[in-house]
**Student:** 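Once you've had a glance at the structure underneath, I'll fire off some questions.
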There are 2 protein chains.
Amino acid sequence: MATISDVARAAGVSPATVSRVLNGGRVSPERAERVRRVASELGFSPNRVARSLRTQQASVIGLLIPDIENPFFTALARGVEDASRRTHLSVVLCNTDEDVEKEARYLDVALAEQMAGVIVAAASPRRSDFSALDARGTPVVAVDRRPGAATVDAVMVDDQRGGDEATAHLLDRGYRRVACVTGPADTAASEERLAGHRAAMRAAGIPDAWIRAHTRHADLRVEGGRTAMAELLTLPEPPDAVLVTHDLLTVGALEALRTAGVEPPAFGVLSFGDVPWASLVRPPLTTVRLPSYDLGVAAATLLQERIAGSTGPRRTVTLRPDLHPRASTSGPTPG
Amino acid sequence: MATISDVARAAGVSPATVSRVLNGGRVSPERAERVRRVASELGFSPNRVARSLRTQQASVIGLLIPDIENPFFTALARGVEDASRRTHLSVVLCNTDEDVEKEARYLDVALAEQMAGVIVAAASPRRSDFSALDARGTPVVAVDRRPGAATVDAVMVDDQRGGDEATAHLLDRGYRRVACVTGPADTAASEERLAGHRAAMRAAGIPDAWIRAHTRHADLRVEGGRTAMAELLTLPEPPDAVLVTHDLLTVGALEALRTAGVEPPAFGVLSFGDVPWASLVRPPLTTVRLPSYDLGVAAATLLQERIAGSTGPRRTVTLRPDLHPRASTSGPTPG
DNA sequence: GTGAAAGCGCTAACAT
DNA sequence: ATGTTAGCGCTTTCAC
């Protein structure tokens with residue numbers, strides 16, 4: 001690999017001049033031209049490691065996501081990438097696997113590699129720790145999941161509103177006994193979506209006791225959704241519709257419904273997450289689409305501003321999910 | 001951020017000693033202990049950028065994949081990560097988006113960041129260019145897609161065999177007129193799977209003209225699969241089964257079949273790729289499962305060996321996909 | 001406008 | 001076993 005000194009020697013100038021040509025300093029046009037020619041002849045590409053060491057900052061940002069196999073996060077990653085494209089920033093992705101240890105390791109890498117900034121969907125609301133980055137002045141933007149203590153910029157989904165709108169939609173279509181299958185009580189998104197569901201139910205005059213009795217917390221796996229749905233169907237006063245707050249749970253819930261011989265839209269089914277196989281399910285599923293891509297774009301934009309030196313107060317951007325009505329919630333009565 | 005000199009001063013030793021403590025050189029136990037204590041008190045974490053500059057190699061490997069939203073590649077990424085866990089290597093993911101330009105940019109980043117090695121599913125068999133990495137001695141392992149010219153280690157799927165086994169399975173189950181919907185003619189995987197299909201058909205004594213007439217190349221989108229399948233159904237001698245070589249095409253093909261009132265398993269359907277929604281399709285789909293995770297593990301292992309200094313001849317590891325028979329190919333006649 | 005020189009934080013000879 | 005020294009490739013004063 002050619003270095004800046006090789007180029008300088010070959011072009012008959014000093015290394016400083018080559019550096020200036022590269023970074024836009026004042027150099028006479030003809031020398032600049034000569035340097036550029038020689039550089040390309042030599043296949044020179046500046047060593048970013050050396051540059052980082054000298055300038056104390058890299059042109060790479062880290063994106064830490066908890067599950068690379070989850071389409072929600074991959075779409076988010078695309079958003080981050082697309083928004084970073086125009087700048088000189090490259091995005092590197094790190095899969096934390098919902099594991100605070102792995103996350104800490106990657107945060108350490110980000111620090112040690114002097115990354116320009118980090119966007120992170122925290123593995124744990126309490127135990128994720130960004131203080132080291134903060135101490136060094138590396139900007140951090142939280143996305144999708146707000147870490148409890150840390151005061152960082154954040155981009156969030158308005159999950160509560162999504163849950164509220166979803167259940168309101170079901171009630172509006174004529175369903176009366178709307179159950180809810182949600183994730184574990186310790187995941188924020190699950191709880192907020194449930195809270196929205198509750199709010200809509202209360203607004204419709206349904207007693208708290210009924211709502212509670214027709215709510216199930218399930219493990220975020222297909223099996224969890226199946227079990228929860230099956231339970232709900234055996235209740236003394238079974239539901240006539242269900243809001244499922246995670247698409248994985250929806251797969252299980254649909255299986256349980258099929259097993260019980262219950263069919264949408266007579267039984268209303270509404271799912272969070274716009275699943276790629278939505279078109280394969282009959283009837284097509286009404287969904288609350290999460291703005292995953294836009295979440296990424298917003299986070300990258302916020303981060304770029306901080307990297308550029310913005311020092312304003314911490315900001316939280318909230319994005320609204322949107323409802324996509326389809327046939328699975330067309331109403332309890334035929335026609 | 002504390003530096004190695006800060007630690008050295010606070011511990012009353014030389015920077016070299018601190019470095020030796022960190023990297024396992026000979027240091028007396030009590031001094032080593034003192035250094036470690038001081039380091040953790042100061043919250044010291046070594047600056048990898050400086051280390052990279054000095055040692056001329058980083059502890060990061062790059063993984064370049066063409067589509068982060070494709071479950072095949074995300075599973076592969078998990079394999080790479082898991083295999084890299086035990087070593088000191090961190091994996092950073094780069095999404096090339098099937099774009100040779102973006103890929104080149106990331107290869108440049110890998111080079112400029114002095115990455116220890118790169119695993120890449122090439123965006124283009126012809127135009128992907130690893131010569132710069134090669135020139136610098138950075139190991140490269142190709143995965144899933146073999147770049148035409150470059151002589152690099154590679155980990156591949158035996159697509160031809162997969163196609164062969166799939167069609168053989170259909171014939172074995174009693175289907176006679178097996179069609180094939182495959183991807184564009186310029187994608188290697190599509191062609192190899194098709195070649196396997198052809199081989200199995202020929203072995204069963206079916207004339208080339210028939211095979212050719214019942215083969216469709218489709219754009220890798222749902223719509224492409226639908227159109228191709230619809231065409232096949234209108235042929236004078238329509239097929240009684242189909243091998244679809246990409247899961248996205250399968251979604252479309254299933255829609256076309258449903259529209260035409262044709263149902264598996266009377267009509268046999270076999271798909272490449274073990275789709276997550278397989279359980280939702282009735283009847284469950286027989287699939288050729290691609291060893292995506294293992295592909296990642298194998299690639300990471302190969303790369304680690306090269307990073308460790310192995311200089312043997314280029315190797316190509318080939319992994320076999322496996323057939324998962326399910327109800328969609330249980331046979332053309334009831335029972 | 002240009003070059004000489006210093007130094008970012010670390011490691012690896014080379015001394016001792 | 002430990003310290004001293006030099007230098008990885010780059011940028012950035014500081015002179016001129």
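Hydrogens, waters and symmetry mates are skipped; everything else that's a heavy atom, side chains included, is used. These numbers were taken from a predicted model, which means no experiment stands behind them. Order of the sequence lines sets the chain letters (A, B, ...), proteins ahead of strands, with each chain counted from 1.
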**Student:** For the residue pair B/Ile307 and B/Leu89, establish whether any side-chain heavy-atom pair is separated by less than 4.5 Å.
**Tutor:** yes

**Student:** Looking at A/Ser19, does any N or O in its side chain come under 4.0 Å of the phosphate oxygens OP1/OP2 on D/dT11?
**Tutor:**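 Checking D/dT11 against A/Ser19, a side-chain N or O does come within under 4.0 Å of OP1 or OP2.
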
**Student:** I need the CZ-P distance between A/Arg26 and D/dT13, as an integer number of Å.
**Tutor:**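 In whole Å, D/dT13 P and A/Arg26 CZ are 14 Å from each other.
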
**Student:** In the structure I gave you, are the side-chain heavy atoms of A/Leu107 and A/Leu64 within less than 4.5 Å of one another anywhere?
**Tutor:**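 Yes, their side chains come closer than 4.5 Å.
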
**Student:** Where the side chain of A/Thr3 meets the backbone of A/Ser5, is there a donor-acceptor pair that is under 3.5 Å apart?
**Tutor:** yes

**Student:** Side chain of A/Glu113, backbone of B/Val60: donor and acceptor closer than 3.5 Å?
**Tutor:**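 Side chain of A/Glu113 to backbone of B/Val60: no pair is present.
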
**Student:** Rounded to whole Å, how long is the line connecting atom CG of A/Leu22 with atom C1' of D/dG9?
**Tutor:** 12 Å

**Student:** In whole angstrom, what separates B/Glu30's CD from D/dT2's C1'?
**Tutor:**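 Atom CD in B/Glu30 sits about 12 Å away from atom C1' in D/dT2.
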
**Student:** Check each residue of residues 9-17 of chain A for a non-hydrogen atom within less than 4.0 Å of any atom in DNA chain C, then write out the ones that pass by number, or none.
**Tutor:**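 Per residue number, the list reads A/Val13, A/Ser14, A/Ala16, A/Thr17.
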
**Student:** May I ask you to verify if any side-chain N or O of B/Arg31 is less than 4.0 angstrom from the OP1 or OP2 atom of D/dG3?
**Tutor:**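 Yes, B/Arg31 has a side-chain N/O under 4.0 Å of OP1/OP2 on D/dG3.
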
**Student:** For B/Arg48 and B/Ser59, test the side chains for any donor-to-acceptor distance below 3.5 angstrom and give the result as yes or no.
**Tutor:** yes

**Student:** Among the candidates C/dC10, D/dT2, C/dT2, find the nucleotide nearest to the side-chain atoms of B/Ser28.
**Tutor:**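 Shortest atom-to-atom distance from the side chain points to D/dT2.
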
**Student:** Within a strict 4.5 Å, meaning less than it, do heavy atoms of the A/Glu305 and A/Asp153 side chains meet?
**Tutor:** no

**Student:** Kindly indicate whether the side chain of B/Pro46, heavy atoms from C-beta on, has any atom under 4.5 Å from the side chain of B/Ile4.
**Tutor:**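 When only atoms from C-beta onward are counted, B/Ile4 and B/Pro46 do not touch, as no gap falls below 4.5 Å.
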
**Student:** So, does A/Asn95 use its side chain to make a donor-acceptor pair with the main chain of A/Ile68 at under 3.5 Å?
**Tutor:**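 Side chain of A/Asn95 to backbone of A/Ile68: a pair is present.
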
**Student:** Can you tell if the side chain of B/Val80 reaches within under 4.5 Å of the side chain of B/Ile61, non-hydrogen atoms only?
**Tutor:** yes

**Student:** Starting from C1' on D/dT2, measure out to CZ on B/Arg34 and report it in whole angstrom.
**Tutor:**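 About 12 Å, once rounded to whole Å.
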
**Student:** Write down the distance between CD (B/Gln114) and P (C/dT11), rounded to a whole number of angstrom.
**Tutor:** 15 Å

**Student:** Figure out the CZ/C1' separation between A/Arg54 and D/dT12, and round it to whole Å.
**Tutor:**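 Going from CZ in A/Arg54 over to C1' in D/dT12 covers 5 Å.
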
**Student:** Below 4.5 Å, heavy atoms only, C-beta onward: do A/Val120 and A/Glu103 meet side chain to side chain?
**Tutor:**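 Sidechains of A/Glu103 and A/Val120: in contact.
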
**Student:** Starting from C1' on C/dC10, measure out to CD on A/Gln56 and report it in whole angstrom.
**Tutor:**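 The distance from CD of A/Gln56 to C1' of C/dC10 comes to 12 Å, rounded to the nearest Å.
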
**Student:** Does anything in residues 44-51 of chain B come within less than 4.0 Å of DNA chain C? Heavy atoms only, and list the residues if so.
**Tutor:**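 Hits under 4.0 Å, by residue number: B/Phe44, B/Pro46, B/Asn47, B/Ala50, B/Arg51.
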
**Student:** To the nearest angstrom, how far is B/Asn23 atom CG from C/dA12 atom C1'?
**Tutor:** 11 Å

**Student:** Hey, does B/Gln304 have a side-chain heavy atom less than 4.5 Å from the side chain of B/Ser84?
**Tutor:** yes

**Student:** Note the angle between the end axes of the helix from C/dG1-D/dC16 to C/dT16-D/dA1, five pairs defining each, rounded to 10 degrees.
**Tutor:** 40°

